[in-house]
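In what follows, a structure is listed as structure tokens, so that the remarks can point back to it.
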Amino acid sequence: MLANYQRGGLGRRLVAAGVTWLTAHDCHSMTLNVLEDNHPARRFYERLGGQYLTTVPFTLSGVTVGEMIYGWQDLSSLAYDE
């Protein structure tokens, strides 16, 4: 079921909506965190031009995992054209 919604551009459009909001509020760079073991999400952000910055520990309910931080210095590269 979930596969029906993958690779259809929804993630790209969601990122673009966030970028539109950020730039409207005078923010022209951003970072985001993604779990280290979430390889599909990591590839997605890398395809969008996200630069790996660092990995930090993240603990929830006593379990610690790596959380990778990606960044974009110039959000204009994420503008979405329909």
Side-chain angles (χ1 to χ4, degrees):
M1 173 78 168
L2 189 57
N4 295 336
Y5 298 97
Q6 294 175 335
R7 312 242 4 122
L10 294 176
R12 180 77 169 93
R13 288 162 57 184
L14 181 60
V15 169
V19 166
T20 297
W21 187 90
L22 287 170
T23 55
H25 290 84
D26 239 6
C27 183
H28 301 284
S29 62
M30 74 173 183
T31 62
L32 63 77
N33 299 14
V34 61
L35 295 178
E36 191 171 30
D37 289 341
N38 190 344
H39 298 282
R42 288 172 48 193
R43 284 190 298 271
F44 173 72
Y45 295 127
E46 289 165 4
R47 280 193 308 271
L48 291 181
Q51 299 296 309
Y52 167 76
L53 301 175
T54 191
T55 300
V56 297
F58 174 76
T59 303
L60 181 64
S61 299
V63 176
T64 301
V65 296
E67 195 171 42
M68 299 178 74
I69 302 174
Y70 286 88
W72 288 260
Q73 291 227 340
D74 178 11
L75 293 181
S76 66
S77 66
L78 291 173
Y80 182 76
D81 298 319
E82 282 197 55

Please report the closest heavy-atom contact between [X] and [Y], naming both atoms and the distance.
X: Gly11; Y: Phe44; result: C-CZ, 3.5 Å
X: Tyr70; Y: Leu53; result: C-CD1, 4.1 Å
X: Cys27; Y: Ser29; result: SG-O, 3.1 Å

Hydrophobic cluster membership, [X] vs [Y], 4.5 Å side-chain cutoff:
X: Val56; Y: Val34; value: no
X: Ile69; Y: Val19; value: no
X: Leu22; Y: Val15; value: yes

I need the [X] [atom1] to [Y] [atom2] distance, nearest 0.5 Å.
X: Asn33; Y: Tyr45; atom1: CG; atom2: OH; answer: 10.0 Å
X: Asp37; Y: Arg42; atom1: CG; atom2: CZ; answer: 8.0 Å
X: Asn38; Y: Arg43; atom1: CG; atom2: CZ; answer: 9.0 Å

Fellow cluster residues of Val63, listed by chain then number, with links counted only when side-chain atoms sit under 4.5 Å apart: Leu35, Phe58, Leu60, Val65
Heavy-atom side-chain contact between His28 and Thr23 under 4.5 Å: yes
